[in-house]
Novice: 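Just dropping this structure here.
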Amino acid sequence: MSDIAILEVDGKKYEFPIIRGTEGEVAIDLKTLRGVTGGVITLDPGFKNTGSCVSAITFLDGEKGILRYRGYGLEDLATNSNFLEVTYLTIFGELPTKKEFKRFEETIKSNSMVNEEMKDIIDGFPKNAHPMGILSSLTSALTAFDPKSVNVEDEEEMFQAICKTMSKIPVLAAWAHKKNLGHPMNYSNNNLSYIENVLEMLFKIPTESYKLSPKVVNALDQLLILHIDHEQNCSTSTVRIVGSAHAGLFASIAAGVSALWGPLHGGANQAVIEMLKDIQKDGGDVEKYILKAKDKNDPFRLMGFGHRVYKNFDPRAKIIKKAADEVLEDLGIDDPILDIAKRLEETALKDAYFVKRKLYPNVDFYSGIIYRALGIPTKMFTVMFAIGRLPGWIAQWREMRLNKEPIGRPRQLYIGENQRSFVAMSER
Ligand code: SDX
């Protein structure tokens with residue numbers, strides 16, 4: 001096995017080192033390409049074949065449908081751990097001792113107050129503003145209330161910044177939801193666990209006490225574990241590249257929230273339910289929508305299907321599909337949307353178009369079914385994804401800064417006009 005790759009350009013050969021990952025992945029190190037070739041670059045729109053970094057956080061194998069956080073299998077973690085413990089693992093690299101977890105949880109709780117002036121910002125939004133837009137703005141606004149940039153080399157400073165972020169973002173997410181409802185905002189309740197607190201902030205109203213259901217808490221906890229990280233997806237790459245300019249953690253995460261909002265990315269969980277509702281309104285004719293998805297003249301895509309990396313089942317989709325059945329049964333809910341989703345999946349997975357292109361259900365295909373069952377409105381689905389992905393964004397931002405990665409600045413291939421001179425208006 002050679003550790004050299006040879007590239008020939010215009011008759012001249014160049015050698016580049018091959019780097020191998022701990023799971024046997026192979027990369028050609030092209031750091032010197034432009035310099036040694038006098039300006040040759042690679043071109044790879046969407047970075048489908050380009051590694052932007054080395055990372056020790058998440059390993060996924062799209063062909064085999066494998067997903068691990070810090071070496072631990074996703075199903076193992078979803079079955080045996082909890083969201084906050086997997087958050088600690090993802091960010092710091094090891095499962096916490098009892099003492100470490102207690103300090104992490106307590107430090108998060110001690111940072112759970114959000115400056116009251118944040119409400120002045122929320123008041124400026126129209127009532128029906130999409131909660132992802134509110135969350136991105138409020139996340140960025142956190143910098144205004146806490147402008148001191150964190151010294152990433154100082155472990156304690158970084159720990160405090162991480163706990164502050166984990167603590168305040170869910171409060172802002174719940175406030176965005178309450179803005180849409182026209183309800184008063186809830187504060188964090190430090191007597192509750194992390195996920196219990198998220199649910200209470202979302203659902204508690206001043207006129208009644210909010211009764212937490214252990215089944216709902218467990219279902220949301222497991223669902224958010226599945227969302228924690230996913231290597232260099234669109235929003236995580238955004239957080240890394242914004243952070244590479246040494247923008248702060250809040251500012252970098254605000255950019256990640258905006259990227260996640262896109263319907264081709266995290267916004268797909270909302271788009272899936274809207275699609276399933278359309279199919280339901282249209283008499284449940286899944287075949288009609290499969291044909292639309294295959295029609296190149298129709299911009300319609302089967303939301304929740306396909307993935308840049310998974311060319312097999314998204315392992316998260318498998319776990320979520322099973323959890324959706326369990327949650328609906330546990331809560332005694334019969335949701336016709338789930339039946340439509342299952343028929344759509346069965347039909348697509350037998351169709352040559354989807355089989356040939358290896359298009360399988362992804363993490364977003366079934367997650368909305370569970371959010372609906374938990375009483376979370378469709379507009380909030382991507383906000384829930386953001387709460388789930390927050391630990392991954394933090395972990396990747398921290399790794400990028402600790403690895404002292406250079407500012408992200410891709411090159412381009414210019415295909416515009418050659419040099420030309422200005423022409424006076426009178427002569428045009
Ligand atoms: C997430 O990257 C991550 O890790 C993301 C994520 C995470 O955890 O961070 O996993 C979360 O974003 C999941 C994906 C959610 N998005 C959707 O469900 C939206 C629907 N899916 C597609 O838009 C699409 O599959 C993408 C965006 C997810 C992936 O697109 P790619 O990799 O750029 O693939 P492509 O667009 O080049 O498609 C290849 C072919 C094309 O057909 P041909 O040109 O070869 O004939 O497959 C077709 C596409 O038209 N295709 C679809 C399709 N997805 C791809 N056709 C119909 N319906 C679809 N959903």
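Counting convention: from 1, in listed order, for ligands and their atoms alike.
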Novice: Between His265 and Ser235, is there a side-chain donor-acceptor contact under 3.5 Å, judged purely by atom types and distance?
Specialist: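 The criterion, which ignores hydrogens and geometry beyond distance, is satisfied for His265 and Ser235.
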Novice: What are the atoms of ligand 1, with element, lying closer than 4.0 Å to any heavy atom of Lys296?
Specialist: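 Matching atoms, with element in brackets: 42 (O), 43 (P), 44 (O), 46 (O), 50 (O).
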Novice: Compute the minimum heavy-atom distance from Gly46 to ligand 1 and say whether it is under 4.0 Å.
Specialist: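 Contact check Gly46 vs ligand 1: negative.
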Novice: Heavy atoms only: which of Phe300, Phe365, Tyr353, Tyr310 lies closest to atom 48 (C) of ligand 1?
Specialist: Tyr353
Novice: Could you check atom 14 (C) of ligand 1 against the protein and tell me its nearest heavy-atom contact, residue, atom and distance included?
Specialist: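 Heavy-atom neighbour on the protein nearest atom 14 (C) of ligand 1: Asn362 ND2, 3.5 Å.
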Novice: Looking only at distances, please establish whether an N/O atom of ligand 1 is found under 3.5 Å from an N/O atom of Arg357.
Specialist: yes
Novice: Show which atoms of ligand 1 fall inside a sub-4.0 Å distance from at least one heavy-atom site of Lys48.
Specialist: 33 (O), 37 (O)
Novice: Of the choices Leu60, Leu302, Leu226, which has the non-hydrogen atom that lies closest to atom 58 (N) of ligand 1?
Specialist: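 Shortest heavy-atom distance from atom 58 (N) of ligand 1: Leu302.
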Novice: Heavy atom to atom 15 (C) of ligand 1, shortest distance: which of Asp364, Asn233, Val363 holds it?
Specialist: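 Nearest option to atom 15 (C) of ligand 1, by heavy atoms: Asp364.
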Novice: With a 4.0 Å cut-off on heavy atoms, does Leu359 reach ligand 1?
Specialist: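 Right, Leu359 reaches ligand 1.
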Novice: With heavy atoms under 4.0 Å as the rule, classify the contact between Arg308 and ligand 1 as side chain, backbone, both or neither.
Specialist: both
Novice: Would you say the rings of Phe305 and Tyr360 are close, in the sense that their centroids are separated by under 6.0 Å?
Specialist: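 No, they do not, as the ring centres are separated by 6.0 Å or more.
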Novice: Quick one about Ser55 and Glu399 (side-chain donor to acceptor, distance below 3.5 Å, no hydrogens or angles considered), yes or no?
Specialist: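 Yes, side-chain donor-acceptor contact under 3.5 Å.
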Novice: Distance to 0.1 Å, residue and atom name: give those for the protein heavy atom nearest to atom 4 (O) of ligand 1.
Specialist: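 The closest heavy atom on the protein side is His230 ND1, 2.6 Å.
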Novice: Check each atom of ligand 1 against the heavy atoms of Met303 and keep those under 4.0 Å away; list them by number with element.
Specialist: 18 (O), 19 (C)
Novice: Rounded to the nearest 0.5 Å, what separation is found between the CD1 atom of Ile228 and the OH atom of Tyr69?
Specialist: 5.5 Å
Novice: Determine whether the aromatic ring centres of residues His183 and Phe203 are separated by less than 6.0 angstrom.
Specialist: no
Novice: Does Glu231 have a non-hydrogen atom less than 4.0 Å from ligand 1?
Specialist: no
Novice: May I ask you to check if ligand 1 and Asp314 share an N or O to N or O distance below 3.5 Å?
Specialist: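 In this structure, Asp314 places no N or O atom under 3.5 Å from an N or O of ligand 1.
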Novice: Among all protein heavy atoms in this structure, tell me which lies nearest to atom 6 (C) of ligand 1, with the distance rounded to 0.1 Å.
Specialist: His307 NE2, 3.6 Å
Novice: Between Lys109 (side chain only) and Leu192 (backbone N and O only), is there a donor and an acceptor less than 3.5 Å apart?
Specialist: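 Flag set: sc Lys109 to bb Leu192 pair under 3.5 Å.
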Novice: Check whether any N or O atom of Cys234, backbone or side chain, sits under 3.5 Å from an N or O atom of ligand 1, and answer yes or no.
Specialist: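 No, since none of the N or O atoms of Cys234 sits under 3.5 Å from an N or O of ligand 1.
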Novice: Is a side-chain N or O of Lys168 found less than 3.5 angstrom from the main chain of Asn111, in a donor-acceptor match?
Specialist: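 Yes; judged by distance alone, with no hydrogens or angles, the pair exists.
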Novice: Identify the two heavy atoms, one from Asn151 and one from Glu157, that lie closest to each other, and give their separation to 0.1 Å.
Specialist: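 Taking Asn151 first and Glu157 second, the nearest heavy atoms are N-OE1, 2.8 Å.
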Novice: If you have a sec, work out which protein heavy atom is nearest atom 27 (C) of ligand 1 and how many Å separate them, to one decimal?
Specialist: Leu264 O, 4.0 Å
Novice: Between Arg316 and ligand 1, which residue portion shows a heavy-atom distance shorter than 4.0 Å: side chain, backbone, both, or neither?
Specialist: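 Only the side chain of Arg316 comes within reach of ligand 1.
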Novice: Are Arg357 and Tyr353 in a cation-pi setup, meaning NZ or CZ lies under 6.0 angstrom from the ring centre and within 45 degrees of the ring axis?
Specialist: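 Ring-cation test returns yes.
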Novice: For atom 28 (C) of ligand 1, what's the nearest protein heavy-atom neighbour? Residue, atom name and distance, please.
Specialist: Gly306 O, 3.8 Å
Novice: Does NZ or CZ of Arg316 come closer than 6.0 Å to the centre of the six-membered ring of Phe365, within 45° of the ring's axis?
Specialist: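 Relative to the ring axis of Phe365, which defines the angle, Arg316 lies outside at least one limit.
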Novice: Which of the atoms in ligand 1, numbered in the order shown and given with their element, are less than 4.0 Å from a heavy-atom of Ala268?
Specialist: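 Matching atoms, with element in brackets: 15 (C), 16 (N), 17 (C), 18 (O).
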Novice: Starting from atom 21 (N) of ligand 1, what is the nearest protein heavy atom, named by residue and atom, and what distance separates them?
Specialist: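 The closest one turns out to be Phe305 O, 2.9 Å.
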Novice: How long is the span from the NZ atom in Lys288 to the CG atom in Asp282, to the nearest 0.5 Å?
Specialist: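 Spacing of NZ (Lys288) from CG (Asp282) equals 3.5 Å.
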Novice: Under 4.0 Å between a side-chain nitrogen and a carboxylate oxygen: does that hold for Lys404 and Glu153?
Specialist: yes
Novice: How far is atom 12 (O) of ligand 1 from its nearest protein heavy atom, and which residue and atom is that?
Specialist: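 Nearest neighbour among protein heavy atoms for atom 12 (O) of ligand 1, to 0.1 Å: His265 ND1, 2.9 Å.
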Novice: Can you list the atoms of ligand 1 that are under 4.0 Å from a heavy atom of Ala293?
Specialist: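 Those qualifying, in numeric order: 57 (C).
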Novice: Using a strict 4.0 Å threshold on nitrogen-to-oxygen distance, state whether Glu405 and Arg240 make a salt bridge.
Specialist: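 Yes, Glu405 and Arg240 are salt-bridged.
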Novice: Atom 50 (O) of ligand 1: which of Lys358, Arg301, Arg389 has the nearest heavy atom?
Specialist: Arg301
Novice: Checking ring-ring contact (aromatic ring centres under 6.0 Å, His included) against His227, which of Phe385, Phe83, Trp393 comes through?
Specialist: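 Result for ring-ring contact (aromatic ring centres under 6.0 Å, His included) with His227: Phe385.
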Novice: Going by the atom numbers of ligand 1, which of them fall below 4.0 Å from some non-hydrogen atom of Gly304?
Specialist: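 Numbered from 1, ligand 1 contributes 17 (C), 18 (O).
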Novice: Whether Lys342 and Asp339 form a salt bridge (side-chain N of Lys/Arg under 4.0 Å from carboxylate O of Asp/Glu) is what I want to check.
Specialist: no
